[in-house]
Asks: 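My questions all concern the structure below.
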Amino acid sequence: MQTPTNITLNKAKTVLTITFDGVDYPLSAEYLRVYSPSAEVVGHGPGQEILQTGKEGVTISRIEPTGNYAVVLFFSDGHDTGIYSWSHLHRIAINHNDLWADYLKKLKDAGHTHSAS
């Protein structure tokens, strides 16, 4: 299991930087919110994912450690049910470019707009 050596939230509460193996991965609050590991986002099985829309302005209001293996992120839209394990954070950090592009494509395919598109 990859364990981060540092987790820092910027002052605007819009970017969480996670350090794995000496590499910093700045992840936007929106990205973390739309890739929440909660059932509200991923559903209860393959193919049950729920596309998250309208999350461009979301911020992280609080971070709480959960044991030695995860954190819970509290978002300004009230979402707080995702337990972000180190392995989940590592996976979405190292695959950021592909996952973000996939999210933007899904938004577009569903008829939603995004300022990054």
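Computed from heavy atoms alone, side chains included, the values below leave out hydrogens, waters and symmetry copies. Being a predicted model, the structure only gives us computed values, none of them experimental.
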Asks: At their closest point, which heavy atom of Ile60 faces which heavy atom of Ala29, and how far apart are they?
Replies: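 Smallest heavy-atom distance, with atoms named: CG1-CB, 3.8 Å.
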Asks: In Å and rounded to the nearest 0.5 Å, what is the NE2 to CD distance from His112 to Gln52?
Replies: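 It is 10.5 Å, given to the nearest 0.5 Å.
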Asks: Between Ile92 and Trp86, is there a shared hydrophobic cluster once you connect ILVMFWY residues whose side-chain heavy atoms come closer than 4.5 Å?
Replies: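 Same cluster.
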Asks: Compute the ring centroids of Tyr25 and His96, then answer whether they are less than 6.0 Å apart.
Replies: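 Ring centres of His96 and Tyr25 not closer than 6.0 Å.
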Asks: For the residue pair Thr59 and Thr14, what are the closest heavy atoms and their distance?
Replies: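 Between these two residues, the closest heavy atoms are CG2-CG2, 3.9 Å.
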Asks: Determine the minimum heavy-atom distance between Asp80 and Phe74, stating which atoms define it.
Replies: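 Looking at all heavy atoms of both residues, the shortest contact is CB-CD2, 3.3 Å.
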Asks: Below 4.5 Å, heavy atoms only, C-beta onward: do Thr81 and Val41 meet side chain to side chain?
Replies: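 Thr81 does not reach Val41 side chain to side chain.
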Asks: Is there a side-chain contact between Thr17 and Asn10, using heavy atoms and a 4.5 Å cut-off?
Replies: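 Not in contact.
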Asks: Could you measure the distance from the NZ atom of Lys108 to the OG1 atom of Thr113? Nearest 0.5 Å is fine.
Replies: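 It comes to 11.5 Å.
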Asks: Which heavy atom in Lys55 sits nearest to a heavy atom in Asp77, and how many Å separate them?
Replies: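 Taking every non-hydrogen atom into account, NZ-OD2, 2.8 Å.
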Asks: Looking only at heavy atoms, which two atoms of Ser76 and Gly57 are closest? And how far apart?
Replies: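 Where Ser76 meets Gly57 most closely, the heavy atoms are OG-O, 4.4 Å.
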Asks: List in chain and number order the residues that pass salt bridge (charged side-chain N to carboxylate O under 4.0 Å, His left out) with Asp109, two or more places apart in sequence or in another chain; answer none if no residue qualifies.
Replies: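 Partners of Asp109 by the salt bridge (charged side-chain N to carboxylate O under 4.0 Å, His left out) criterion, ordered by chain and then number, come out as Lys105.
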Asks: For Val23, is there any backbone N or O sitting under 3.5 Å from a side-chain donor or acceptor partner on Asp21?
Replies: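 No, because the side chain of Asp21 does not come within donor-acceptor range (under 3.5 Å) of the backbone of Val23.
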Asks: Going hydrophobic residue to hydrophobic residue with side-chain gaps under 4.5 angstrom, can you get from Trp100 over to Ile94?
Replies: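 Yes, because Trp100 and Ile94 connect within a single hydrophobic cluster, where side-chain heavy atoms sit under 4.5 Å apart.
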Asks: In Å, rounded to the nearest 0.5 Å, how long is the span from OH of Tyr84 to CD1 of Ile7?
Replies: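 Reported value, rounded in 0.5 Å steps: 12.5 Å.
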Asks: Side chain of Glu49, backbone of Gly47: donor and acceptor closer than 3.5 Å?
Replies: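 Side chain of Glu49 to backbone of Gly47, a donor-acceptor pair under 3.5 Å: yes, one is there.
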Asks: In the structure I gave you, are the side-chain heavy atoms of Arg91 and Leu99 within less than 4.5 Å of one another anywhere?
Replies: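 Yes, side chains in contact.
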Asks: Kindly say whether Ala70 contributes a backbone atom to a donor-acceptor pair with the side chain of His88 at under 3.5 angstrom?
Replies: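 No: the side chain of His88 does not pair with the backbone of Ala70.
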Asks: Which heavy atom of Phe75 sits nearest to which heavy atom of Val58, and what is that distance?
Replies: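 So the minimum-distance heavy-atom pair works out to CB-CG2, 3.8 Å.
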Asks: Assigning hydrophobic clusters by single linkage (Ile, Leu, Val, Met, Phe, Trp, Tyr; side-chain heavy-atom cutoff under 4.5 Å), is Val15 placed with Leu104?
Replies: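 Cluster IDs for Val15 and Leu104 differ.
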Asks: State whether the side chain of Asn6 and the backbone N or O of Thr19 hold a donor-acceptor pair below 3.5 Å, judged by distance alone.
Replies: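 No, Asn6 side chain to Thr19 backbone: no donor-acceptor pair under 3.5 Å.
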Asks: Measuring only between side-chain heavy atoms, which start at C-beta, is Phe20 closer than 4.5 Å to Thr3?
Replies: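 They are not in contact (no side-chain heavy atoms under 4.5 Å apart), so the answer is no.
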Asks: Taking Leu9 as the starting point, is it possible to reach Val34 by hopping between hydrophobic residues whose side chains are less than 4.5 Å apart?
Replies: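 Hydrophobic grouping puts Val34 with Leu9.
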Asks: NE2/His79 to CZ/Arg33 distance, rounded to the nearest 0.5 angstrom?
Replies: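 His79 NE2 to Arg33 CZ: 4.5 Å, rounded to 0.5 Å.
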Asks: Would you indicate whether the side-chain heavy atoms of Tyr35 and Asp102 approach each other to under 4.5 Å?
Replies: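 The answer is yes, as the side chains (C-beta and beyond) meet within the 4.5 Å cut-off.
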